[in-house]
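Throughout, protein chains are lettered first and strands after them, A, B, ... in sequence-line order, and every chain is numbered starting at 1.
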Amino acid sequence: MFSSRWRFGLDRYSEVDLFTDRYEADVETLSQAIRAAASEEPDADGSVLFGHLKGTVVGLRYYTGVVNQGEMVGLVRQPENPYDRNAVMVANIYGNQVGHIKRELAAAMAHVMDNNLAKVEGVVHSGTKNTFTMPVMLSFWGKEENKNAVIEGMARRGYKLNTGGSSATVVIPFFFQLKNAFDNLFDGLMESKDGEKEASVGTPLLPHQKQALSWMCARENKSVLPPFWEKRGELYYNSLTCFSAKEIPERIRGGILADDMGLGKTLTTIALILTNFHNGKPLPVETFVSVAVCECHQLEQHVRANVKLNVYLYYGSERNRSKAFLSSQDVVITTYNVLSADSGNKSPLHGINWLRVVLDEGHVVRNPNAQMSKAVLGLKAQRRWILSGTPIQNSVKDLWMLLAFLRLKPFDVREWWNRVIQRPVTQGDRAGLQNLQTLVKCITLRRTKSSKVNGRPLVSLPEKAVCVEQVELSQTEREEYELARNEGKNTIRKYVTEGTVLRNYADVLAILMRLRQHCCHPDLLAKTSSDLGKTSTPAELRERLIDKLRLVLASGSDEECSVCLESVHLPVITHCAHVYCRPCIAQVINTEQETARCPLCRSEIKANELVEFPQEEMEEEKSTNSDKWRTSSKVQALMGNLLRLRCEDSSIKYLVVSQFTRFLSILEAPLREHGFSFVRLDGTMSQKKRTQVIQEFQSSAADSPAIMLLSLKAGGVGLNLTAASHVFLMDPAWNPATEEQCIDRCHRLGQTRKVVVTKFIVKDSVEENMVKIQRQKQDLVEKAFGSSNTERKTSRIDDIKALMEL
DNA sequence: ACCGCCGGGTGCC
DNA sequence: ACCGCCGGGTGCC
């Protein structure tokens, strides 16, 4: 549904041409209103087509909005219309009113629209026959469960939906069937015919950065029609929406620089700021230019190092909120949080007309409902840029926010984005995907580390060697391991025979977990509860569930929520021991009420039976049992390596990586004992502490730490640990990509030494099997994206069987 | 003539 | 609107 603001906006300003984005207060208010309404447009996901209906648009002579043959129109309810509270307004893509739906039909549609039973869309096929009315083809979309209500509701009022023909439309609720296509969406966007532009930046630009700079300058300066627009005689015509206009469509001054991380996007952007002020002339000193929204302030470092620029860091409680002051700066840097906190109440950042707004790590804003996104969309600027190595995190949906920020019309209004791109693409429409590709191609430059310019790789990284070191368990360790393995094998075999692996998924993971812990260090098992099954008191049940939750979360399996298919956020565990995001499972329960069942095993679930991780346990988790310290074969293997290497070259720095933070704690003792200086980085640390630790480790000072104990998944992709050139992976991960990402933290731009990776794998153990599976994993992951959720889980079961040699 | 028919006025919601 | 609808004028053929 559109908000009242949208309706208000269109009633009052229906004559305003939204297309030319003049900076007049009214226009700005209106486009803001439309954008606000746009973000409330519900997702098209899961919508099915109920049917078509031919209707009439009347009152054309009272309005200026024009529509061409084949053009899509929007239908907007006007409950406040003084002549008819059932009124349905018809508007073209630019929000200009075209007319109204004929009264009787509007009454029927109002019922359907107001009760949220269907979304109605219109296409004008035949064009205007006369100056008074015209036919419109209406299509009704909505949730399957509302289909009959809509068809009957319309029929009762004498309108029979034409449902024939397209009943074969299959809507697949998730989008991963096209995941591969999305992954490739940003591939091959590297041709840049704009040459290489020199820039007077302190740091010399690499050839690919000069290319990017030329491309960015061209996008800011050159007059090119936006995607899908062509000139037809006197008119400009949009081939996707069939809209045509007399005025030249406003071009997008900006785009998405989607180079891989480490290729110097930030540096290139600084070069752009310096070299392309007005009319392709360099920036004269002392002139305001840009606002950049950053996550890491990397920008500041470059700028400071390179040129004399007025740079203001706009954050902290003492920040200068004067518009005049901010306008006098060359660059203003702020964070998404500050921007979001400021927006609304007389935000100076929102009051200034910026020459350029740059979103660093732009993928951070992708949820259109988030405050942060609204704050970003509200910025006024002539030129707009998004820097992101990973513009699509999960699905096509992520792109909307980016296009909306760039104001790529008409897609900055969600309805048109949904109709023209998102729905066709999610429903597997090839043309839709192709349109999306064209769209992205027009505004994006992306190169990967492996891309080549003139036959040469973009960046030459030092060599990387990966070796696996087999670890033999001691006799005692082996005996304990075999005991646990046989016990677990019997349990899992039982589940497989019964076909209840999914129902007992947490147990299975727990068994595997224990075996993996055995491979690292016996003390890792200390907190694991032993007996499973037998239910006793509610308190004991709860305790056991929390135990399982802890195991699942700590298992490093990158457990995903089966509802949203993303990493679990705010994890809760059901009584049947399956882990979901709290909001996801709460929605399932809310929708299905008493009949709610676990999406994985179909056991009954209730809202009050969801168990979450107690806060005090989170704290407790950090402290380890201070029992007497003992060693393990794997600890010995690591220490052997470290001592030998220290003799060979004392200048090497090391990353010691484990999925078990408690294993990292165990390692601290022998490191101290042998006089190794080390720091530690794990997910529990505050942002401030992390920065401090990273700086310490990256320092080249003689007394700087030689080792970083690193938890496998700590830190984002931007984490730069190039001081290290040797990586010890203490235990294998389920997902080889996780290991790769971790290695890439030191094997990246800025690394000067050869990188050596040592993976410790316990011989004849579940770890060896994990490595075997890893080899096929890449393939499996790709297949899984092309299959259903159940198939993915089934392949997981096969993994488990292989791991346990069943 | 409590109808039919004719032709002018008129027109979104 | 070269329509439909409304309501006033009109009334055998």
Side-chain angles (χ1 to χ4, degrees), chain A residues 1-18 26 29-30 33-34 37-38 40-41 50-142 150 153-161 241-245 410 413 415-416 419:
Chain A
M1 285 277 79
F2 288 96
S3 76
S4 54
R5 280 167 73 196
W6 159 270
R7 288 191 295 264
F8 167 78
L10 287 168
D11 276 347
R12 268 205 57 193
Y13 298 100
S14 55
E15 308 281 314
V16 176
D17 180 6
L18 295 177
D26 282 358
T29 315
L30 176 56
I34 286 179
E40 287 165 33
E41 171 83 9
F50 296 163
H52 299 286
L53 183 67
K54 212 172 151 186
T56 311
V57 186
V58 294
L60 302 189
R61 65 164 149 158
Y62 300 100
Y63 307 98
T64 54
V66 289
V67 202
N68 304 286
Q69 198 167 326
E71 189 176 325
M72 297 187 293
V73 290
L75 300 163
V76 186
R77 277 281 291 119
Q78 285 183 316
E80 311 292 334
N81 189 302
Y83 304 97
D84 180 6
R85 27 183 47 253
N86 289 326
V88 176
M89 185 260 262
V90 180
N92 70 14
I93 285 172
Y94 295 91
N96 299 328
Q97 181 161 5
V98 175
H100 280 104
I101 291 293
K102 216 167 149 40
R103 196 180 204 104
E104 299 78 11
L105 177 55
M109 282 167 63
H111 168 257
V112 163
M113 292 167 84
D114 293 349
N115 290 305
N116 253 329
L117 297 174
K119 165 118 188 65
V120 190
E121 300 179 352
V123 176
V124 176
H125 285 297
S126 52
T128 317
K129 271 211 188 90
N130 56 54
T131 46
F132 303 96
T133 66
M134 70 180 168
V136 60
M137 185 52 86
L138 303 170
S139 45
F140 292 67
W141 297 81
V150 169
M154 293 302 291
R156 223 176 10 251
R157 290 166 177 81
Y159 296 97
K160 195 171 177 299
L161 288 196
T241 60
C242 297
F243 187 83
S244 68
V413 173
E415 172 171 8
W416 307 116
R419 284 177 66 172

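- None of A:Leu138, A:Val88, A:Thr56 except one satisfies the side chain to side chain contact (heavy atoms under 4.5 Å, CB included) rule with A:Leu105; the exception is A:Leu138.
- One C1' atom belongs to B:dA1, the other to B:dC6, and the distance between them is 15 Å to the nearest Å.
- Note that CZ of A:Arg77 is 4.0 Å distant from CG of A:Asp114, once rounded to the nearest 0.5 Å.
- One C1' atom belongs to C:dC13, the other to B:dC2, and the distance between them is 25 Å to the nearest Å.
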Could you write out each protein N or O paired with an N or O of nucleotides 9-13 of chain B at a distance under 3.5 Å?
from, atom 1, to, atom 2, distance (Å)
B:dC12, OP2, A:Tyr62, OH, 2.4
B:dC12, O2, A:His100, ND1, 2.7
B:dC12, N3, A:Tyr63, OH, 2.9
B:dC13, OP1, A:Arg103, N, 3.0
B:dC13, O3', A:Asp84, OD2, 2.5
B:dC13, O2, A:Asn81, ND2, 3.4

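- Residues meeting the side-chain contact (heavy atoms from CB on, under 4.5 Å) test with A:Ala107, sequence neighbours left out: A:Asn86.
- Rounded to the nearest 0.5 angstrom, A:His111 NE2 and A:Leu117 CG are separated by 6.0 Å.
- A search for side-chain contact (heavy atoms from CB on, under 4.5 Å) contacts involving A:Arg61 returns A:Phe132, not counting sequence neighbours.
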Could you list, one pair per line, each protein nitrogen or oxygen that sits under 3.5 Å from a nitrogen or oxygen of nucleotides 2-5 of chain C, together with the distance?
none

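- To the nearest whole angstrom, the two C1' atoms, one in C:dT10 and one in B:dC5, are 9 Å apart.
- Checking B:dC13 for Watson-Crick or G-U wobble geometry (two distances, each under 3.5 Å) identifies no partner in any strand.
- In this structure, the separation between CG on A:Leu60 and CD on A:Gln97 is 10.0 Å, given to the nearest 0.5 Å.
- Nucleotide C:dA1 is shown with an anti base, its glycosidic torsion being more than 90° from 0.
- Not counting sequence neighbours, the partners of A:Val123 by the side-chain contact (heavy atoms from CB on, under 4.5 Å) test are A:Met72, A:His125, A:Arg419.
- With sequence neighbours excluded, the residues satisfying side-chain contact (heavy atoms from CB on, under 4.5 Å) with A:Ser139 are A:Leu49, A:His52, A:Glu121, A:Trp141.
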